[in-house]
*Asks:* 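Please read through the structure below; I'll follow up with questions.
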Amino acid sequence: MISTWSEWKRYPRTGRGENLEAPISPGIYEVRFAATGALHSFGAVDNVAQALAQLPAASKSWFSRRAPTETLDLEYRTCATSTKADAKAVADRMIGRRETYLSGAA
């Protein structure tokens, strides 16, 4: 079973005590830059909440590995599925549609 996409939510900023709101189940996630809508990351995973929590949400400094230079302004949405196989199938269809659109055939 495949649910619908959640609404776009602001990605939690480090140091502010904000939390992710995502299913602890298989599904798909999409993360984009809030200002431009450009894709940051996309994936079909076993645990959506865990995958989103592990994404780097800050840009790295060229001069220091310890401190990020700035927190990126990101938004995310999720879509829960009953199995990872369902998530991969939906993700593959979405990627196929996006490639068709970008190639000008749609």
*Asks:* Ignoring hydrogens and geometry, is there a side-chain-to-backbone donor-acceptor pair from Tyr76 to Glu21 under 3.5 Å?
*Replies:* yes
*Asks:* Quick one: OG on Ser6 to CD on Glu30, what's the gap to the nearest 0.5 Å?
*Replies:* 10.0 Å
*Asks:* Atom OG1 in Thr81, atom NZ in Lys88: separation rounded to 0.5 Å?
*Replies:* 11.5 Å
*Asks:* Out of curiosity, Asp73 CG to Thr36 OG1, how far, rounded to the nearest 0.5 Å?
*Replies:* 9.5 Å
*Asks:* To the nearest 0.5 Å, what is the distance between CZ on Arg77 and OG1 on Thr4?
*Replies:* 10.0 Å
*Asks:* Is the shortest side-chain heavy-atom distance between Phe33 and Leu39 below 4.5 Å?
*Replies:* no
*Asks:* Side-chain contact, heavy-atom cut-off 4.5 Å: Phe42 with Arg32?
*Replies:* no
*Asks:* So does Lys9 have more than 12 non-hydrogen atoms from other groups sitting under 6.0 Å from NZ?
*Replies:* yes
*Asks:* Could you report the tightest heavy-atom contact between Leu20 and Ala49, atom names first, then the distance?
*Replies:* CD1-O, 3.9 Å
*Asks:* Quick one: does Thr78's side chain get under 4.5 Å of Pro23's, heavy atoms only?
*Replies:* yes
*Asks:* How close do Pro26 and Lys84 get, heavy atom to heavy atom, and via which atoms?
*Replies:* CB-N, 3.6 Å
*Asks:* Show your reasoning for whether side-chain contact (heavy atoms from CB on, under 4.5 Å) applies to Tyr29 and Leu55.
*Replies:* CA-CA 11 Å; Tyr29 67 87; Leu55 284 177; 3.9 Å; yes
*Asks:* Give me the atom names and distance for the closest heavy-atom approach of Ala22 to Leu52.
*Replies:* CB-CD1, 3.9 Å
*Asks:* Roughly how far, to the nearest 0.5 Å, is the OG atom of Ser41 from the CG atom of Leu74?
*Replies:* 7.5 Å
*Asks:* Looking at Ala91 and Ile28, what are the two nearest heavy atoms and their distance?
*Replies:* N-CD1, 3.9 Å
